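Here is the structure we will look at, set down as structure tokens.
Bear in mind that the values here come from a model prediction, so they are computed numbers and not experimental data.
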Amino acid sequence: MRTSIGAKLDHLAIGVVQWADSYPRFVSELGGKWGYGGPNGDFAPYQLDFGEGLRLEFIAPHTPGGFMERFIERRGPSPHHFTFKVPSLDDTIADLTRLGFEIGGESREQPVWLEAFIHPKETGVGTLVQIVESDDQFIDSQASKMPAPQDFPEPSGHAQGIALVGVTTSDLGRAHDLLVRALLGDVLDNGDGWFLVSWGDHRSLLVRDHTVSPWAPPLWDTATGDGVAFVLFGSENQTAASLHESTQLLTRLPHEAATGIPVWLLEPNRTNSKSMPISLP
């Protein structure tokens, strides 16, 4: 039997027109630190670190006519995929296949990066999912060769970290099969129509059926369909009880069309006159 050791939610990728569109909010305001990045064929990804947990990746088109240019034209700046790293791609594909998931885009051309994809219509979470078996030691050794561009700003103070990402699904059972049975996440909390699944500190997804609005209903106000609903930044991991017991404010940052993803702050350490605080019930 496989174990969850080594399996993790690695990053959420967001499509943007250009890298610089992500800098004001996620670097200057939220303190993301340059990880690594650079052109890769017809697209150009780079990653931001927010402490030891989930990272954000921003992907821009690099050459005309590529898949990211088509994605931006069709969807606009918005979440593109989740990446999960697993100990064995073969074992994970076997589990996914047994559970009825159709695998596509499998690639083994680079020994340090074996990957496969699950289409958004297949995942149960409304978002493309990338499964990777990687040689992280080698990848980390190459990161120093991919420095930040000259226009990369100085990050704000200490990054809070990503407490969790909210996800809407129209098939909670299928989402559970993917995230828990195949990708080995641990269910930390659950209720009618929702569950919280985690792969360690600051690597959590709050998954809900579209008929319910768990924890704090305003979190879901801007969710219009299946897929990523919001990113919640905060210094602590959360459960329903801890969030409801908090006397602090949950604050929604203003909509930013350049990145297209709703962002909330828990225990904000800055004053933002444009933010919209709500008291938790």
Side-chain angles (χ1 to χ4, degrees), residues 9-23 25-26 32 34-48 54-86 89 92-93 96-97 101-136 139 142-143 146 148-149 151-152 165 167-170 175 178-179 182-183 205 224-229 231 256-262:
L9 172 58
D10 187 71
H11 65 266
L12 167 64
I14 300 166
V16 291
V17 174
Q18 57 184 352
W19 286 2
D21 290 343
S22 66
Y23 297 165
R25 168 147 298 172
F26 292 97
W34 173 266
Y36 62 88
N40 184 4
D42 61 2
F43 66 104
Y46 91 95
Q47 294 192 356
L48 289 177
L54 181 70
R55 291 173 290 167
L56 294 182
E57 179 174 88
F58 295 90
I59 314 177
H62 183 58
T63 57
F67 78 91
M68 278 310 302
E69 183 175 78
R70 296 192 299 271
F71 175 84
I72 295 294
E73 289 175 350
R74 184 173 67 253
R75 300 283 299 274
S78 57
H80 183 266
H81 69 265
F82 285 113
T83 293
F84 291 84
K85 290 188 174 180
V86 298
L89 183 63
T92 302
I93 288 176
L96 288 164
T97 301
F101 292 93
E102 184 175 342
I103 307 300
E106 189 173 344
S107 174
R108 299 173 183 268
E109 296 175 0
Q110 303 180 58
V112 298
W113 185 270
L114 311 179
E115 65 180 8
F117 291 87
I118 310 173
H119 192 276
K121 293 181 180 179
E122 279 280 312
T123 62
V125 295
T127 302
L128 182 69
V129 168
Q130 179 187 40
I131 312 297
V132 173
E133 177 185 340
S134 64
D135 183 342
D136 286 349
I139 292 171
Q142 301 302 302
M146 295 178 279
D151 65 341
F152 190 80
V165 177
V167 176
T168 300
T169 177
S170 56
L178 173 71
L179 301 172
L183 296 177
L205 301 180
T224 58
D226 288 1
V228 176
V231 176
E256 184 184 64
T259 55
I261 186 166

Under 3.5 Å, side-chain donor or acceptor atoms of residues 117-127 against the rest of the protein: list the pairs with distances, not counting sequence neighbours.
unit_1, atom_1, unit_2, atom_2, d
His119, ND1, Lys121, N, 3.0
Glu122, OE1, Glu102, N, 2.7
Glu122, OE1, Arg174, NH2, 3.1
Thr123, OG1, Pro120, O, 3.2
Thr123, OG1, Val125, N, 3.1
Thr123, OG1, Gly126, N, 3.4
Thr123, OG1, Thr127, O, 3.2

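- Listed here is the closest heavy atom pair of Glu115 and Leu89: N-CD2, 3.7 Å.
- Every residue two or more places apart in sequence or in another chain that forms a side-chain hydrogen bond (donor to acceptor under 3.5 Å, both in side chains) with Thr83 is listed here: His11, His81, Gln130.
- Partners of Arg70 by side-chain hydrogen bond (donor to acceptor under 3.5 Å, both in side chains), not counting sequence neighbours: none found.
- Residues satisfying the side-chain contact (heavy atoms from CB on, under 4.5 Å) test with Thr63, not counting sequence neighbours, are Asp42.
- How far CG of Leu48 is from OG of Ser22: 6.0 Å, rounded to the nearest 0.5 Å.
- Nearest heavy atom pair, residue Pro149 against residue Tyr23, reads CG-OH, 3.4 Å.
- Once rounded to the nearest 0.5 Å, the distance linking CG of Asp151 with CD of Gln18 reads 8.5 Å.
- Ring geometry for Phe67 versus His80: interplanar angle of 30 to 60°, hence tilted.
- Under the side-chain contact (heavy atoms from CB on, under 4.5 Å) criterion, Pro61 pairs with Met68, Glu69, Ile72, sequence neighbours left out.
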* Step-by-step side-chain contact (heavy atoms from CB on, under 4.5 Å) determination, Val132 to Val86 -> CA-CA 6 Å; Val132 173; Val86 298; over 6 Å; no
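- Salt-bridge formation is not detected for the pair Glu57/Arg55: no Lys NZ or Arg NE/NH1/NH2 atom is positioned less than 4.0 Å from an Asp or Glu carboxylate oxygen.
- Under the ring-ring contact (aromatic ring centres under 6.0 Å, His included) criterion, Phe82 pairs with no residue at all, not counting sequence neighbours.
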* Apply side-chain contact (heavy atoms from CB on, under 4.5 Å) to the pair Ser134 and Ile139, showing each step before the final yes or no. => CA-CA 8 Å; Ser134 64; Ile139 292 171; 3.9 Å; yes
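- Annotation: side-chain hydrogen bond (donor to acceptor under 3.5 Å, both in side chains) contacts of Tyr36 (sequence neighbours excluded): none.
- For Asp135, the salt bridge (charged side-chain N to carboxylate O under 4.0 Å, His left out) criterion is met by no residue, not counting sequence neighbours.
- With sequence neighbours left out, the side-chain contact (heavy atoms from CB on, under 4.5 Å) criterion links Ala60 to Val16, Trp19.
- Here the CG atom belonging to Leu205 is positioned 6.0 Å from the CG atom belonging to Leu179, to the nearest 0.5 angstrom.
- In plain terms, the two heavy atoms of Gln142 and Met146 that are nearest each other are O-CE, 3.5 Å.
- Taking all atoms of both residues into account, the shortest heavy-atom contact from Pro77 to Ala258 is CB-O, 3.3 Å.
- By the 30° and 60° cut-offs, the orientation of the rings of Phe26 relative to Phe58 is tilted.
- Between Phe84 and Asp10 there is no side-chain heavy-atom pair separated by less than 4.5 Å.
- Donor-acceptor pairing under 3.5 Å is lacking for the side chains of Asp226 and Thr168.
- Residues forming a side-chain hydrogen bond (donor to acceptor under 3.5 Å, both in side chains) with Thr259 (at least two apart in sequence, or on another chain): Glu256.
- Judged as a side-chain contact (heavy atoms from CB on, under 4.5 Å), and not counting sequence neighbours, the contacts of Arg75 are Phe71, Ser78.
- Here the side chains of Ile93 and Ile131 are not in contact, with every heavy-atom distance at 4.5 Å or above.
- Smallest separation of non-hydrogen atoms from Gly35 and Ala143: O-CB, 4.3 Å.
- Minimum interatomic distance between Leu54 and Leu12 (heavy atoms only, all atoms of both residues): CD1-N, 4.0 Å.
- A 4.5 Å side-chain heavy-atom check between Pro262 and Val231 finds every atom pair outside the cut-off.
- Between Ile59 and Tyr46 the shortest side-chain heavy-atom distance does not fall below 4.5 Å.
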